[in-house]
Novice: 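Got a structure here, written out as structure tokens. Questions coming.
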Amino acid sequence: MAGPGIAAAGLLVFITSLGFFILPALLGTPKETMVAQLVISAINDLFNLPYAAALSTILLIFAVAVFMLYDKLVGLSSLSGETRSAPKRNSSTFVTTALIAIGRVCGAGYGAGGPALTRVKGLKLYSVLTVALLSLPIIVVFPIAFTNSPFLSFPPQGFSLRWFDAFLFSPVWQSSFLRSFGVAIVTALASTALGIGAALALTRLPARWTKPVFAFLLAPLIVPRIVVAVGLFYLFSRMGLVGTDLGLTIGHTVLAIPYVVVTMAAALKRFDWRLDDAAKILGASAFARLRTIQLPMMIGSVAAALQMAFIISFDELTIAIFVSGGMKNTLPKQMWDDMILQVNPTLAAVSLVMVIVIALLVLAPSLYKTFRRR
């Protein structure tokens, strides 16, 4: 049962890695240059649009080929949590074998490695190590944000709030933060509204149209983000939307819609349509049924879709590099520019603020439920 989920995770990780450029640009050398870096350099440094388009086409071909292979082996619907009703016995042999091997490795130390491992199961130890690895960058950034040194250094020297002061009272940082926050709110609302409508439309389409329409809606998720950014740059440059908040909002909405569609499609699979049929028999209109039955029954999924769309927009860099035009910087874009020009602890302070904002957003539903119970 876990095979399709593992395959979907592998697909998303591969597509993300295919168009990734941030870590290679900051931590790598010219030997580790990736294709996405060449695309950005071709447009920002050389302004060689045909070369950038050619590189983007190569990335697109690879992404589509992997996507078609995934659809052939696992099925496109697995991205929304659906599994095939009658899978072939041999289709998941490799996945099953891999899962058994991982389970054996994770449980190998239980009861056979000293006092520590006898008290902690191998799988729990693996989970703790994974969480620790993912948390390590945040743990490192936190003390650097309060350093008194004018340079990034670890361990930090002294204690000071000067870098938070530089962030909070800088007109450049203020405008970029407010722009990111405003664009993220509009993106969350627009993409959630469009995604809910698209997910509901999928439930009413004939069976032969469901798969191609679902694939079309997921295209921004499957195609490397750098390819989407180049395409939007070509389009917006002819429409006069480069360097505008509207262009940023449209670009972020395009990226967020697939996540909303996947979330709502999974929710609609669990929805009891008999309630909707009963309301329809009693004379309720489509909008009335949506407002009084469908959305209230799926409010948790709607909130999750809003959260995800906001985070995707607030943290997005690739679209901002191409669409902002250097005039309407978002917070990630301003951080990127500062990393290239001057690296100082202000970036650590900004990073910590971003982590806090996202953490509060993620924890908001749980906090609301806790206070409501009291």
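Treat the numbers as computed from the prediction; the structure is a model and nothing was measured.
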Novice: Indicate every side-chain donor-acceptor pair of residues 131-146 with a distance under 3.5 Å to a residue at least two apart or in another chain.
Specialist:
from: Ser135; atom 1: OG; to: Val131; atom 2: O; distance (Å): 2.8

Novice: Donor-acceptor pair, distance only, cut-off 3.5 Å: does the side chain of Thr253 make one with the backbone of Ala190?
Specialist: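 Side chain of Thr253 to backbone of Ala190: no pair is present.
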Novice: Could you please spell out the steps behind the side-chain contact (heavy atoms from CB on, under 4.5 Å) verdict for Ile319 and Leu255?
Specialist: CA-CA 9 Å; Ile319 300 294; Leu255 293 181; 3.4 Å; yes
Novice: For Gln37, what residues pass the side-chain hydrogen bond (donor to acceptor under 3.5 Å, both in side chains) criterion, not counting sequence neighbours?
Specialist: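 Not a single residue meets the side-chain hydrogen bond (donor to acceptor under 3.5 Å, both in side chains) criterion with Gln37.
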Novice: Find out if a path of hydrophobic residues (ILVMFWY) with successive side-chain heavy-atom gaps under 4.5 Å connects Met34 to Val39.
Specialist: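 No.
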Novice: Would you say Leu202 and Leu217 make side-chain contact, with heavy atoms under 4.5 Å?
Specialist: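 Yes, their side chains come closer than 4.5 Å.
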Novice: Which heavy atom in Val260 sits nearest to a heavy atom in Ala305, and how many Å separate them?
Specialist: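 Closest approach of Val260 to Ala305, heavy atoms only: CG1-CB, 3.9 Å.
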Novice: Would you compute the distance between atom OG of Ser324 and atom CZ of Arg179 and round it to the nearest 0.5 angstrom?
Specialist: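 Spacing of OG (Ser324) from CZ (Arg179) equals 9.0 Å.
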Novice: I need the minimum non-hydrogen distance between Val254 and Pro258, along with the two atoms involved.
Specialist: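 Closest approach of Val254 to Pro258, heavy atoms only: O-CD, 3.3 Å.
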Novice: If hydrophobic clusters are built from ILVMFWY residues whose side chains come within less than 4.5 Å, do Ile299 and Met297 share one?
Specialist: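 Per the 4.5 Å side-chain linkage, Ile299 and Met297 are not co-clustered.
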Novice: Return the minimal non-hydrogen interatomic distance between Ser191 and Ala188, and the atom names on each side.
Specialist: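 Closest approach of Ser191 to Ala188, heavy atoms only: OG-O, 3.4 Å.
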Novice: Does Arg270 form a side-chain contact (heavy atoms from CB on, under 4.5 Å) with Ser301? I'd like the steps, not just the answer.
Specialist: CA-CA 11 Å; Arg270 302 187 301 269; Ser301 298; 4.0 Å; yes
Novice: What pairs with Phe14 under ring pair (Phe, Tyr, Trp, His ring centres under 6.0 Å), at least two apart in sequence or on another chain?
Specialist: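 With sequence neighbours excluded, Phe14 shows a ring pair (Phe, Tyr, Trp, His ring centres under 6.0 Å) to no residue whatsoever.
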Novice: Enumerate the ring-ring contact (aromatic ring centres under 6.0 Å, His included) contacts for residues 225-269, please, sequence neighbours excluded, ordered by first and then second residue.
Specialist: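 Listed by first then second residue: nothing to list.
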Novice: Write down the atom of Ile250, the atom of Leu241, and the distance for their closest heavy-atom approach.
Specialist: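 Taking every non-hydrogen atom into account, CD1-CD1, 4.2 Å.
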Novice: Determine, using the 4.5 Å side-chain heavy-atom cutoff (strictly less than), whether Leu246 and Val186 are members of one ILVMFWY cluster.
Specialist: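 No, it is not one cluster - the side chains of Leu246 and Val186 are not joined through contacts under 4.5 Å.
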Novice: Glu316 versus Val183: any side-chain heavy-atom pair under 4.5 Å?
Specialist: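 When only atoms from C-beta onward are counted, Val183 and Glu316 do not touch, as no gap falls below 4.5 Å.
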Novice: Please check if Leu282 and Trp273 belong to a single hydrophobic cluster, counting links between Ile, Leu, Val, Met, Phe, Trp and Tyr side chain heavy atoms closer than 4.5 Å.
Specialist: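 Different hydrophobic clusters.
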Novice: Does the side chain of Leu306 reach to within under 4.5 Å of the side chain of Leu189, using non-hydrogen atoms?
Specialist: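 Of all side-chain heavy-atom pairs linking Leu189 with Leu306, at least one is under 4.5 Å.
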Novice: Between Leu221 and Val261, is there a side-chain heavy-atom distance shorter than 4.5 Å?
Specialist: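 Of all side-chain heavy-atom pairs linking Leu221 with Val261, none is under 4.5 Å.
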Novice: If every non-hydrogen atom of Ser56 is compared with every non-hydrogen atom of Val227, which pair is closest and at what distance?
Specialist: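 Distance-wise, the nearest heavy atoms are O-CG2, 3.5 Å.
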Novice: In Å and rounded to the nearest 0.5 Å, what is the CG to CD distance from Leu361 to Gln307?
Specialist: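 Reported to 0.5 Å precision, the distance equals 5.0 Å.
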Novice: Just by distance, do the side chain of Ser170 and the backbone of Phe167 share a donor-acceptor pair under 3.5 Å?
Specialist: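 Side chain of Ser170 to backbone of Phe167: no pair is present.
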Novice: Rounded to the nearest 0.5 Å, what separates atom CE in Met354 from atom CD1 in Ile356?
Specialist: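 Interatomic distance, Met354 CE to Ile356 CD1, rounded to 0.5 Å: 12.0 Å.
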Novice: Nearest 0.5 Å, what's the CD1-CE distance between Ile257 and Met264?
Specialist: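 Answer for the CD1-CE pair, Ile257 versus Met264, is 13.5 Å.
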Novice: Is there any ring-ring contact (aromatic ring centres under 6.0 Å, His included) pair reaching into residues 287-312, and which pairs are they, with sequence neighbours excluded?
Specialist: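 Residue pairs passing ring-ring contact (aromatic ring centres under 6.0 Å, His included), neighbours aside: Phe181-Phe310, Phe310-Phe314.
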Novice: Are Asp337 and Asn329 side-chain neighbours, meaning at least one heavy-atom pair lies under 4.5 Å?
Specialist: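 Yes, their side chains come closer than 4.5 Å.
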Novice: Is there side-chain contact between Lys333 and Ser176, with heavy atoms separated by less than 4.5 Å?
Specialist: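 The answer is no; the side chains never approach within 4.5 Å.
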Novice: Sequence neighbours left out, cut at 3.5 Å: what donor-acceptor pairs do the side chains of residues 157-166 make with other protein atoms?
Specialist:
from: Ser160; atom 1: OG; to: Arg162; atom 2: N; distance (Å): 3.0
from: Arg162; atom 1: NH1; to: Asn148; atom 2: O; distance (Å): 3.2
from: Trp163; atom 1: NE1; to: Thr147; atom 2: O; distance (Å): 2.9

Novice: How close do Ala304 and Thr263 get, counting heavy atoms only, and between which atoms?
Specialist: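 Answer, listing the atom of Ala304 first, then Thr263: CB-CG2, 4.5 Å.
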Novice: Quick one: OG on Ser175 to CG on Leu331, what's the gap to the nearest 0.5 Å?
Specialist: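 One finds 9.5 Å between OG of Ser175 and CG of Leu331.
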Novice: Considering only NZ, NE, NH1 and NH2 on the basic side and carboxylate oxygens on the acidic side, decide whether Lys280 and Asp276 come within less than 4.0 Å.
Specialist: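 Looking at Lys280 and Asp276, the cut-off is not met.
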Novice: Decide side-chain contact (heavy atoms from CB on, under 4.5 Å) for Trp173 and Asp338; before the verdict, give the C-alpha distance in whole Å, the side-chain angles of both, and the deciding distance to 0.1 Å.
Specialist: CA-CA 11 Å; Trp173 286 111; Asp338 272 34; 3.2 Å; yes
Novice: Are the side chains of Leu232 and Phe322 in contact, using a 4.5 Å heavy-atom criterion?
Specialist: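 Phe322 does not reach Leu232 side chain to side chain.
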Novice: Test of understanding: clusters of I, L, V, M, F, W, Y form through side-chain heavy atoms closer than 4.5 Å, transitively. Do Leu248 and Val172 belong to the same one?
Specialist: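 No, no single cluster joins them.
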Novice: Does Leu295 reach the side chain of Arg291, with side-chain heavy atoms less than 4.5 Å apart?
Specialist: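 A side-chain contact is absent here, since even the closest heavy-atom pair is not under 4.5 Å.
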Novice: Counting heavy atoms not belonging to Arg204, are there more than 12 under 6.0 Å from its CZ?
Specialist: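 Enclosed.
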Novice: Taking CE in Met339 as the centre, count heavy atoms belonging to other residues, nucleotides or ligands within less than 6.0 Å. Is the count above 12?
Specialist: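 Yes.
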Novice: How long is the span from the CG atom in Leu200 to the CZ atom in Phe271, to the nearest 0.5 Å?
Specialist: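 Interatomic distance, Leu200 CG to Phe271 CZ, rounded to 0.5 Å: 9.0 Å.
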